[in-house]
Number of protein chains: 2
Amino acid sequence: MVLEVLARCQDFISAQRLHSLLVAEDLRISLSTVYRALRELETADSVDVVRDDVGERLYRLRPEDGHRHYLICRSCGRSWPVDSEDVEQWAERIAADHGFAAVEHTVELTGVCGDCQPASDEGESLSCHPDSGRRTPAHRARSYAS
Amino acid sequence: MVLEVLARCQDFISAQRLHSLLVAEDLRISLSTVYRALRELETADSVDVVRDDVGERLYRLRPEDGHRHYLICRSCGRSWPVDSEDVEQWAERIAADHGFAAVEHTVELTGVCGDCQPASDEGESLSCHPDSGRRTPAHRARSYAS
DNA sequence: ATAGGTGCAAAAGATTTGCAACTGG
DNA sequence: CCAGTTGCAAATCTTTTGCACCTAT
């Protein structure tokens, strides 16, 4: 059930919201089970995970094409898989330069998408973000970025 | 006091450990105050922040040369500022391609440093990581990476 | 019957905050 | 005397876990 919603969603979503969606569909499932399912999917590398600005974890089913990095709109919350060839290479190079092995990287790209730029809120096209066009920008704990 | 320890440390450190260090030096300060100080430094863009594999936040005083990205050893915890020109450019390009504005990015590079590769643990040269050479690798919640 | 999944409530843990006491100017 | 800090304890919030129950094999 978790997988199904994730697949339908095609966007990052929190465990709690996911649970809400499930319950809203009359599916009987507990929050614990949702967390357990997500953890499985995570260890199976079937989902990508990013952190909310409040530390909450957001999950997204990894696209079949293997993309692992996304461009996320801070306003509506929608995400787009992006090509990360360059970063992969950069990461490898940097690691090699420093004599590192077993390198892993985490990359999060956020911004304001085209739809959210002119007016203030729209982008209700997808269903995973009840709080679409209204998200606390830089609530308190912003990740470092530049 | 917080600043001083951070400066001396030159590495990522958690609020709690930082507090321990302070207390260990007979400096009278509460954990709350440490958190408050770190938050200030954070909003002042004086520190960079990364997330532990358990969700804990680690802070590091941003080097004067303005580096914002680091290569962190998963074994001993030491970190090295890295050149991120390429990623910056990549980020800008990707964002532009998608019509995004106000782009921000977060990049975390982890691996096993040279010192930690042959044997298992060493690298006790710096003082911020009491738990050096022994860190739960991929405890449970691994960030997505590739 | 039996292994594994599930729900519930409690636990864990990091961070924040209300509030009263305190300090330097 | 006051503004701004601090400490402490309590609250918050997400995620995990213990444990009993229940179900499909």
Side-chain angles (χ1 to χ4, degrees), chain A residues 1-6 12-44 46-60 77 106 108 128-131 135-136 138-144, chain B residues 1-6 12-44 46-60 77 106 108 128-131 135-136 138-144:
Chain A
M1 301 194 290
V2 170
L3 243 182
E4 195 196 300
V5 174
L6 272 180
F12 283 96
I13 182 174
S14 73
Q16 320 232 10
R17 175 131 48 233
L18 210 161
H19 177 242
S20 301
L21 289 185
L22 285 165
V23 169
E25 293 187 30
D26 280 329
L27 295 173
R28 211 78 54 152
I29 192 175
S30 76
L31 185 55
S32 312
T33 304
V34 172
Y35 273 114
R36 286 192 266 240
L38 287 174
R39 189 128 60 100
E40 268 178 52
L41 294 173
E42 200 179 341
T43 55
S46 300
V47 293
D48 289 314
V49 187
V50 297
R51 282 214 181 250
D52 202 272
D53 32 3
V54 272
E56 205 178 25
R57 288 224 290 252
L58 306 181
Y59 305 82
R60 166 170 181 158
T106 293
E108 277 174 38
C128 294
H129 293 278
D131 58 301
R135 168 164 302 196
T136 52
H139 184 34
R140 62 175 72 129
R142 310 230 330 285
S143 316
Y144 73 105
Chain B
M1 300 194 291
V2 169
L3 244 182
E4 195 195 299
V5 174
L6 272 180
F12 283 95
I13 183 174
S14 73
Q16 319 233 9
R17 174 131 51 230
L18 210 161
H19 177 241
S20 301
L21 288 185
L22 285 166
V23 169
E25 292 186 31
D26 279 329
L27 296 174
R28 211 77 54 152
I29 191 175
S30 75
L31 185 54
S32 313
T33 303
V34 172
Y35 273 114
R36 285 192 265 240
L38 287 174
R39 189 127 61 99
E40 268 179 52
L41 293 174
E42 199 180 343
T43 55
S46 301
V47 293
D48 289 314
V49 186
V50 297
R51 282 215 179 249
D52 202 273
D53 32 2
V54 272
E56 206 177 24
R57 288 222 290 252
L58 306 181
Y59 305 81
R60 166 170 181 157
T106 293
E108 277 174 38
C128 293
H129 294 277
D131 58 302
R135 169 163 302 195
T136 53
H139 183 35
R140 62 174 73 130
R142 310 230 329 285
S143 317
Y144 73 104

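To find a chain, count down the sequence lines: A is the first, B the second, and so on, and within it residues start at 1. When reading the values below, keep in mind they use all heavy atoms of this one structure, side chains included, and skip hydrogens, waters and symmetry mates.
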Engineer: From the options A:Leu58, A:Leu38, A:Leu6, select the one residue that forms a side chain to side chain contact (heavy atoms under 4.5 Å, CB included) with A:Ile13.
Structural biologist: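 Of A:Leu58, A:Leu38, A:Leu6, side chain to side chain contact (heavy atoms under 4.5 Å, CB included) with A:Ile13 is met by A:Leu6 alone.
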
Engineer: A:Leu38 CG to D:dT17 P: how many Å, rounded?
Structural biologist: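 So the two atoms are 15 Å apart, to the nearest Å.
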
Engineer: Tell me the interatomic distance from B:Glu42, atom CD, to C:dT15, atom C1', rounded to whole angstroms.
Structural biologist: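 In whole Å, C:dT15 C1' and B:Glu42 CD are 11 Å from each other.
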
Engineer: Give, for atom CZ of B:Arg51 and atom CZ of A:Arg57, the distance between the pair rounded to the nearest 0.5 Å.
Structural biologist: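 Reported to 0.5 Å precision, the distance equals 10.0 Å.
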
Engineer: To the nearest angstrom, how far is A:His19 atom NE2 from D:dC13 atom C1'?
Structural biologist: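 One finds 16 Å between C1' of D:dC13 and NE2 of A:His19, rounded.
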
Engineer: Taking any heavy-atom pair under 4.0 Å as a contact, classify A:Ser32: base, sugar-phosphate, or nothing.
Structural biologist: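 Base contact.
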
Engineer: What is the nucleic acid contact for A:Arg36, judged by heavy atoms within less than 4.0 Å: base, sugar-phosphate only, or nothing?
Structural biologist: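 The answer is base, as A:Arg36 lies within the cut-off (heavy atoms under 4.0 Å) of a base atom.
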
Engineer: For B:Met1 and for A:Tyr59, locate the closest nucleotide of DNA chain D by heavy-atom distance; then report the residue assigned to the nucleotide nearer the 5' terminus.
Structural biologist: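 Here B:Met1 is the residue nearer the 5' end.
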
Engineer: Starting at atom CG of A:Leu58, determine the distance to atom P of D:dC13, rounded to an integer number of angstrom.
Structural biologist: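 Interatomic distance, CG of A:Leu58 to P of D:dC13: 17 Å.
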
Engineer: Starting from C1' on D:dT5, measure out to OH on B:Tyr35 and report it in whole angstrom.
Structural biologist: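 Checked: the OH to C1' distance equals 19 Å.
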
Engineer: Between D:dC22 atom C1' and A:Ile29 atom CD1, what is the distance in whole Å?
Structural biologist: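 Going from CD1 in A:Ile29 over to C1' in D:dC22 covers 16 Å.
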
Engineer: At less than 4.0 Å, is any side-chain N or O atom of B:Arg39 found next to OP1 or OP2 of C:dA14? Yes or no.
Structural biologist: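 Result: no.
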
Engineer: Can you figure out which of C:dC8, C:dT15, D:dG7 approaches the side chain of B:Gln16 most closely?
Structural biologist: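 Among C:dC8, C:dT15, D:dG7, the one nearest the side chain of B:Gln16 is C:dT15.
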
Engineer: Could you give the distance from CD1 (B:Ile29) to CG (B:Leu31), rounded to the nearest 0.5 Å?
Structural biologist: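 Reported to 0.5 Å precision, the distance equals 9.0 Å.
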
Engineer: Send over the distance from B:Glu56 CD to D:dT15 P, rounded to a whole Å.
Structural biologist: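 In whole Å, D:dT15 P lies 16 Å from B:Glu56 CD.
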
Engineer: Roughly, in whole Å, what's the span from CG in A:Asp52 to C1' in C:dA14?
Structural biologist: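 For the pair A:Asp52 CG and C:dA14 C1', the rounded distance is 15 Å.
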
Engineer: Please test A:Glu25 against A:Met1 for side chain to side chain contact (heavy atoms under 4.5 Å, CB included), starting from the C-alpha separation and ending with a verdict.
Structural biologist: CA-CA 11 Å; A:Glu25 293 187 30; A:Met1 301 194 290; over 6 Å; no

